[in-house]
Amino acid sequence: MSEIKDAKIGYAICGSFCTFRKSINQMKNLAELGADIYPIMSANAYTLDTRFGQSADFVDEIEEICGKKIIHTIPEAEPIGPKKMLDVLVISPCTGNTLAKLASGVTDTAVTLAAKAHLRNARPLIIGVSTNDALAAASKNIGLLMNCKNIYFIPMSQDDPVNKPNSIVVHFDRTAEAVRSALNGTQLQPVYA
C-alpha cells in the first residue's frame, strides 16, 4: 500500500481546539482523494464545547465526511489492532498531552489506545504536532517519538516565535503528502524554519 486512494486511514483528533477547522479540512481532502477514513477523537475533543465551536457540530461534520461513527471510547478503539483495521493512522492535531502519553506508553484515551493497537501491526503512525510547549516540556517527547520505528511526523514549525516562542503547529496542508511518504516508509523533512 503506497497510495492514498482506497487506503484505510485512521484520522485522530486531540484537543488542540484552535486547529480543528484546519484538521477537518485535511480529513475531507483525504476522503476526496479516495481514502476510507476511520475517525477517532479523544474524549475532550469529542465532548467539549469551546470558543472555537460546539462539539456536536464538529462530530456531525466529521461523521458526514467519513460516513462512519467516530471512535471515541477505549472499547471502540481496541479492535483496531487485532482486526488490522488501518493501513495508516494520523493523529493531527496531536497535543503535548498526547505526545507525552505516546512517548511513555500510556493508553488511557481512544486516541492513545488506537495508536498502540495500530503500531502492534508495524504500520505507520503519523503525528501532526500542535502544542504551545513543543520547544519546552514536550520537546523530549517529540525527540523520543522521532526515533521510534513506524512513527512519522507531518512537517511542523513555530507558529508565533515572538509571542509564543515554544509553540509548534503542524503544516496541515502537508498531511496528504506525509501520508503518501509514510506509506512508502519515508519521513518528510519534519522541522521547518
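Worth knowing before you read on, the calculation uses all heavy atoms, side chains too, and leaves out hydrogens, waters and symmetry mates.
Taken together through direct or relayed side-chain contacts under 4.5 Å among Ile, Leu, Val, Met, Phe, Trp and Tyr, Val59 and Ile74 form parts of separate hydrophobic clusters.
One finds the CD1 atom of Ile37 at 10.5 Å from the CD1 atom of Ile40 (value rounded to the nearest 0.5 Å). One distance of note links CG of Leu102 with OG1 of Thr107; it measures 10.0 Å at 0.5 Å rounding. Separating the OG atom in Ser157 from the CD1 atom in Ile168 is a distance of 6.5 Å, to the nearest 0.5 Å. To the nearest 0.5 angstrom, Lys28 atom NZ is 12.0 Å from Cys66 atom SG.
The side chain to side chain contact (heavy atoms under 4.5 Å, CB included) test applied to Lys69 returns Glu63, not counting sequence neighbours. Among residues two or more places apart in sequence or in another chain, the side chain to side chain contact (heavy atoms under 4.5 Å, CB included) test is passed with Pro79 by Lys83, Met85. The ring-ring contact (aromatic ring centres under 6.0 Å, His included) search around Phe20 returns Phe17, Phe58, not counting sequence neighbours. Under the side chain to side chain contact (heavy atoms under 4.5 Å, CB included) criterion, Asn25 pairs with Arg21, sequence neighbours left out. For Arg174, the salt bridge (Lys or Arg N to Asp or Glu O under 4.0 Å) partners at least two apart in sequence or on another chain are Glu177. For Lys68, the salt bridge (Lys or Arg N to Asp or Glu O under 4.0 Å) partners at least two apart in sequence or on another chain are Asp36. A search for ring-ring contact (aromatic ring centres under 6.0 Å, His included) contacts involving Phe172 returns nothing, not counting sequence neighbours. Legend: residues meeting side chain to side chain contact (heavy atoms under 4.5 Å, CB included) with Ala117, ordered by chain and number and at least two apart, are Ile80.
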Give the C-alpha distance, both sets of side-chain angles, the deciding distance and a yes or no for side chain to side chain contact (heavy atoms under 4.5 Å, CB included) between Met156 and Val169.
CA-CA 6 Å; Met156 59 187 147; Val169 173; over 6 Å; no
Verdict with supporting geometry, Thr131 and Thr95, side chain to side chain donor-acceptor pair (under 3.5 Å)
CA-CA 5 Å; Thr131 180; Thr95 60; over 6 Å; no
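At a threshold of 4.5 Å between non-hydrogen side-chain atoms, the residues Arg123 and Lys84 count as touching. Contact of the Leu89 side chain with the Pro124 side chain is not registered, since no non-hydrogen atoms from C-beta on lie closer than 4.5 Å. Here the side chains of Pro39 and His72 are not in contact, with every heavy-atom distance at 4.5 Å or above. With a 4.5 Å cut-off on side-chain heavy atoms, Asn132 and Ser167 count as touching. Within the 4.5 Å cutoff, the side chain of Asp173 has no heavy atoms near those of the Asn29 side chain. For the pair Ile91 and Cys14, the minimum side-chain heavy-atom distance is below 4.5 Å.
Residues Ala176 and Ile4 share a closest heavy-atom pair of O-CD1, 3.5 Å. Ala138 and Leu99 make their closest contact through CB-CD1, 4.4 Å (heavy atoms, listed as atom of the first residue, atom of the second, distance). Shown here for Cys94 and Thr98, the closest heavy-atom pair between the two residues is SG-CG2, 3.8 Å. Shown here for Asp159 and Lys164, the closest heavy-atom pair between the two residues is OD2-NZ, 3.0 Å.
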Without placing hydrogens or testing angles, list every side-chain donor-acceptor pair under 3.5 Å for residues 108-115, not counting sequence neighbours.
| unit_1 | atom_1 | unit_2 | atom_2 | d |
| --- | --- | --- | --- | --- |
| Asp108 | OD1 | Lys101 | NZ | 3.0 |
| Asp108 | OD2 | Lys101 | NZ | 3.3 |
| Thr109 | OG1 | Val111 | N | 3.3 |
| Thr109 | OG1 | Thr112 | N | 3.0 |
| Thr109 | OG1 | Thr112 | OG1 | 3.0 |
| Thr112 | OG1 | Asp108 | N | 3.2 |
| Thr112 | OG1 | Thr109 | N | 3.1 |
| Thr112 | OG1 | Thr109 | O | 3.2 |

Can you give each donor-acceptor pair under 3.5 Å made by side-chain atoms of residues 142-150, sequence neighbours left out, with the distance rounded to 0.1 Å?
none

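Judged purely by atom type and a 3.5 angstrom limit, Thr50 uses its side chain to pair as donor or acceptor with the backbone of Phe52. Here the side chain of Asp87 pairs no donor or acceptor atom with the backbone of Ile9 at under 3.5 angstrom. For the pair Glu76 (side chain) and Glu78 (backbone), a donor-acceptor distance under 3.5 Å is absent. Of the possible polar contacts, one joining the Gln158 side chain to the Pro165 backbone as a donor-acceptor pair under 3.5 Å is found.
A side chain to side chain contact (heavy atoms under 4.5 Å, CB included) with Met41 holds for exactly one of Thr47, Ile62, Ile71; it is Ile62. The only option from Ile13, Val170, Val129 that meets the side chain to side chain contact (heavy atoms under 4.5 Å, CB included) definition with Pro93 turns out to be Ile13.
Residues Tyr11 and Ser23 bring a donor and an acceptor atom of their side chains to less than 3.5 Å of each other.
Applying the ring pair (Phe, Tyr, Trp, His ring centres under 6.0 Å) test to pairs two or more places apart or on separate chains, none has a residue in residues 109-158.
Under the 4.5 angstrom side-chain criterion for Ile, Leu, Val, Met, Phe, Trp and Tyr, Leu188 has no cluster partners at all.
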